[in-house]
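For this chain, numbers begin at 1 and follow the sequence in order.
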Amino acid sequence: MSSQISESDQEQLIQKLDIFKIHGKDKRGHKILRIIGKFFPARLLSVDVLNKYLEEHIFPRLGKKRFSVVYVHTGVQRSENFPGISALRSIYDAIPTNVKDNLQAVYFVHPGLQARLFLATFGRLLFSGGLYGKLRYVNRLDYLWEQVRRNEIEIPEFVHDHDEDLEYRPMMDYGLESDHPRVYGAPAVESSPVSLYSMRCIS
């Protein structure tokens with residue numbers, strides 16, 4: 001991860017892109033922390049700013065109760081959204097022990113072959129303390145709804161579209177078909193780095 005903008009702009013970017021959102025519950029009544037991987041601007045954020053944001057805005061809202069994570073990997077690009085192995089480890093190490101203990105499951109939506117291979121290789125090294133064992137791969141949204149209350153969590157439209165594509169092109173799950181991203185409408189161009197990145201994320 002690297003930073004090309006000020007700390008205040010980085011914090012504004014995290015909030016504007018709605019990368020992290022606590023809402024809804026799973027079917028055991030636990031809070032849901034939803035994370036949209038495609039919206040994560042890895043090239044524009046520093047680890048310190050991200051850790052500070054999580055510490056101030058996310059962890060306190062989780063409280064001392066059990067919770068689950070829904071991580072949506074749909075449309076993630078390594079060059080744009082992957083923070084790097086050392087950054088992932090730093091972020092994980094900064095999570096308070098009580099938060100790690102209260103985490104019940106990580107539902108990894110639309111993992112794809114590359115993500116599976118990466119986690120199979122580095123998962124246990126990066127995520128100690130049993131987190132790797134809480135990982136649940138979710139290939140289709142229908143499987144997610146078996147664990148999460150469907151009407152209580154917002155999933156972006158591009159995720160539903162990709163899910164539909166997978167029904168007709170199942171080999172995309174294994175990297176055996178190309179996945180040409182669709183183009184969605186975007187707001188008018190603004191000059192700030194925050195606005196420009198926002199446009200790229202919803203395309």
Side-chain angles (χ1 to χ4, degrees), residues 14-40 54 57-59 61-78 80-82 88 91-92 95 99-120 123 127 130-185 198 201-203:
I14 295 172
Q15 292 177 336
K16 182 172 183 177
L17 294 176
D18 209 19
I19 305 165
F20 305 96
K21 187 169 185 177
I22 299 173
H23 71 150
K25 293 183 178 181
D26 64 22
K27 292 193 174 179
R28 292 178 293 174
H30 303 141
K31 284 183 178 179
I32 293 289
L33 169 58
R34 187 208 65 183
I35 304 172
I36 306 297
K38 182 180 178 180
F39 292 170
F40 187 76
L54 293 174
H57 299 281
I58 300 300
F59 298 150
R61 293 183 56 203
L62 293 173
K64 298 180 180 180
K65 296 182 178 180
R66 295 176 178 179
F67 72 99
S68 296
V69 168
V70 171
Y71 168 70
V72 181
H73 192 67
T74 318
V76 166
Q77 299 294 324
R78 181 182 179 90
E80 293 282 342
N81 313 118
F82 182 63
L88 281 177
I91 294 166
Y92 178 73
I95 299 174
V99 175
K100 292 178 183 177
D101 291 342
N102 287 331
L103 175 61
Q104 300 302 295
V106 178
Y107 299 107
F108 196 117
V109 180
H110 294 156
L113 180 63
Q114 290 186 348
R116 287 175 181 268
L117 290 175
F118 174 81
L119 289 171
F127 308 123
L131 175 61
Y132 183 77
K134 299 176 182 180
L135 187 63
R136 306 288 183 266
Y137 291 124
V138 181
N139 292 328
R140 300 289 189 278
L141 290 176
D142 281 345
Y143 301 146
L144 180 65
W145 307 141
E146 295 176 2
Q147 307 296 330
V148 174
R149 298 177 186 178
R150 181 170 188 166
N151 296 329
E152 296 188 10
I153 182 171
E154 297 175 11
I155 299 294
E157 189 64 29
F158 73 84
V159 181
H160 290 280
D161 288 341
H162 182 72
D163 202 70
E164 185 178 342
D165 287 342
L166 290 175
E167 288 297 321
Y168 295 99
R169 301 164 60 194
M171 298 308 290
M172 284 169 55
D173 274 336
Y174 306 99
L176 300 180
E177 290 190 37
S178 62
D179 181 12
H180 300 288
R182 305 183 183 193
V183 177
Y184 299 86
S198 301
C201 282
I202 64 173
S203 64

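- Remark: Arg140 engages Glu167 in a salt bridge, criterion side-chain N to carboxylate O under 4.0 Å.
- Geometric assessment of Arg116 against the ring of Tyr137 yields a positive cation-pi assignment under the 6.0 Å and 45° thresholds.
- A cation-pi arrangement is present between Lys100 and Tyr92, with the terminal nitrogen or guanidinium carbon under 6.0 Å from the aromatic centre and inside a 45° cone about the axis.
- Put simply, the side chain of Asn81 never gets that close to the backbone of Val76: no donor and acceptor are under 3.5 Å apart.
- More than 12 heavy atoms of other residues, nucleotides or ligands shown are found within 6.0 angstrom of NZ on Lys21.
- For an aromatic pair to be called close, the ring centres must be under 6.0 Å apart, and Phe59 with Phe20 fails this.
- Atom CZ of Arg28 has more than 12 heavy atoms from other residues, nucleotides or ligands within 6.0 Å.
- The local environment of CD in Gln114 is sparse, with at most 12 non-hydrogen atoms from other residues, nucleotides or ligands closer than 6.0 Å.
- Note that OH of Tyr107 and OH of Tyr143 are 15.5 Å apart. Values are rounded to the nearest 0.5 Å.
- A donor-acceptor pair under 3.5 Å is absent between the side-chain atoms of Lys25 and the main chain of Glu152, judged by distance alone.
- Side-chain contact check for Leu144 versus Val70: some heavy-atom pair is nearer than 4.5 Å.
- For residues 63-76, the set of pairs meeting the side chain to side chain donor-acceptor pair (under 3.5 Å) definition, not counting sequence neighbours, comprises Asp26-Ser68, Tyr71-His73, Thr74-His110.
- Partners of Arg78 by salt bridge (charged side-chain N to carboxylate O under 4.0 Å, His left out), not counting sequence neighbours: none found.
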